[in-house]
Amino acid sequence: MAQPTHPSSTASAPRHIAIIMDGNGRWAKQRSRPRTFGHGEGVEALRRTVEAAGDLGVRYLTVFGFSTENWRRPTEEVSALFDLLRLYVARDLDKLVKEGVRVRVIGERASLQSDIAQIIGNAEAKTRHNDKLNLIIAFNYGGQDEIARAAKKLAADVAANRVSTAEVNAESFARYLDTAEWPAPDMLIRTSGEYRLSNFMLWQAAYSELVFVDTLWPDFDKAALEAAIGEYNKRERRFGGTDPVVP
Ligand code: FPP
């Protein structure tokens, strides 16, 4: 990964960008190819975006790889998405280790196939000393599921008298979320011209700047990321107050 080439864009890059990588199916359909072909090209777009985010000085990049609702898709498509995660890690892990990328995976892990859980654990372990860019892959992730799992852990702590109900507030609750260690996304991008959160980062996106772009995910590249950052830099963030706040 190259050193930042444009100090000005590095200075203005948001610290944390989250992306709903949407439009793989439509991209494939436009080319009369199966949806899984679009997902394969989606991985290429992800590789470009990780590289670009590192070059631009982004510290956290969270991407939506597979949602708790994506199980409703045909079995072949679900297996193709799992295979793509296997392939991505197998092909890119050494490169990610070398380039200072720390990989973390959020989402419900207990019910994942054991080889997937192992691949994820290995990627996290091998990159744990990296700190240039944190690549957070949301896999088998749903915002509502994450909040429910957090509530369950908190309830267990309250029941065991480790936490009192008086101590429960937004800040303490957030420490039970999968994202406890990281700042909230500054910008959330959704590609493909759809305007929904689709159960992604429901808690964390409370004050994220939402940027919707028409580009289908397989066409996303560094220029598209820079354009989204340009849009972000035009926004004034107030976090519910009246004065601009630079987080
Ligand atoms: C949405 O496109 C995309 C997904 C459900 C999966 C995103 C996955 C990747 C980009 C590749 C896999 C990456 C990892 C890390 C596993 P869609 O299929 O909903 O597209 P459509 O709305 O055009 O049908």
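Hydrogens, waters and symmetry mates play no part in the numbers below; they use all other heavy atoms, side chains included. Read the numbers this way: they start at 1 and go in the same order the structure lists the ligands and their atoms.
Side chains of Asp186 and His16: no donor on one and acceptor on the other come within 3.5 Å. Side-chain contact annotation: Glu41 with Asn24, donor-acceptor N/O pair under 3.5 Å absent.
Distances from atom 8 (C) of ligand 1 to the heavy atoms of Gly65, Gly42, Gly40 show the closest one on Gly65. In this structure, of Arg26, Arg86, Met21, the residue bringing a heavy atom nearest to atom 21 (P) of ligand 1 is Arg26.
By the criterion of a heavy-atom distance under 4.0 Å, neither the backbone nor the side chain of Val63 is placed next to ligand 1. Using a 4.0 Å cut-off between heavy atoms, Arg35 contacts ligand 1 through its side chain alone, with no backbone atom that close. Proximity of Tyr88 to ligand 1, defined as any heavy-atom pair under 4.0 Å, is not found for any part of the residue. When heavy-atom distances to ligand 1 are checked against a 4.0 Å cut-off, Arg73 comes that close only through its side chain, counted from C-beta outward.
Applying salt bridge (charged side-chain N to carboxylate O under 4.0 Å, His left out) to Asp92 and the options Arg48, Arg86, Arg47 leaves one that passes, Arg47.
Of all protein heavy atoms, the one lying nearest to atom 20 (O) of ligand 1 is Gly25 N, 3.0 Å. Counting protein heavy atoms only, atom 9 (C) of ligand 1 is closest to Asn24 ND2, 3.7 Å.
Annotation: the span from Glu194 atom CD to Asp22 atom CG amounts to 5.5 Å, rounded to 0.5 Å. To the nearest 0.5 Å, atom CZ of residue Arg109 and atom CZ of residue Arg149 are 9.5 Å apart.
Counting heavy atoms of neighbouring residues, nucleotides and ligands inside a 6.0 Å radius, atom CZ of Arg72 does not exceed 12 of them. Remark: Lys29 NZ is loosely packed, at most 12 non-hydrogen atoms of other residues, nucleotides or ligands lying under 6.0 Å away.
Ring-plane geometry between Trp71 and Phe82 is classed as tilted, the angle between the planes lying from 30 to 60 degrees on a 0 to 90 degree scale.
The contact set between ligand 1 and Phe139, taken as ligand atoms under 4.0 Å from a residue heavy atom, comprises 16 (C). Contact atoms of ligand 1 toward Asp22: 1 (C), 2 (O), 17 (P), 19 (O), 20 (O), 21 (P), 22 (O) (distance under 4.0 Å to a heavy atom of the residue). Against a heavy-atom cut-off of under 4.0 Å, Trp217 is close to the following atoms of ligand 1: 10 (C). Less than 4.0 angstrom separates some heavy atom of Val43 from each of these atoms of ligand 1: 11 (C), 12 (C). For ligand 1, the atoms sitting less than 4.0 Å from at least one non-hydrogen atom of Asn70 are 5 (C), numbered in the order shown with element in parentheses.
In this structure, Trp182 belongs to a hydrophobic cluster whose other members, linked by side-chain heavy atoms under 4.5 Å apart, are Ile20, Tyr60, Phe64, Ile106, Ile136, Tyr141, Ile147, Leu154, Val158, Val163, Val168, Phe173, Tyr176, Leu177, Leu188, Tyr195, Leu197, Phe200, Met201, Leu202, Trp203, Leu210, Phe212. Through side-chain heavy atoms spaced under 4.5 Å, either directly or across other Ile, Leu, Val, Met, Phe, Trp or Tyr residues, Val245 is tied to Tyr207, Phe239.
Checking only distances, Leu46 never comes within under 3.5 Å of ligand 1, N or O to N or O.
Gly23 counts as a contact of ligand 1, since one of its heavy atoms falls under 4.0 Å from the ligand.
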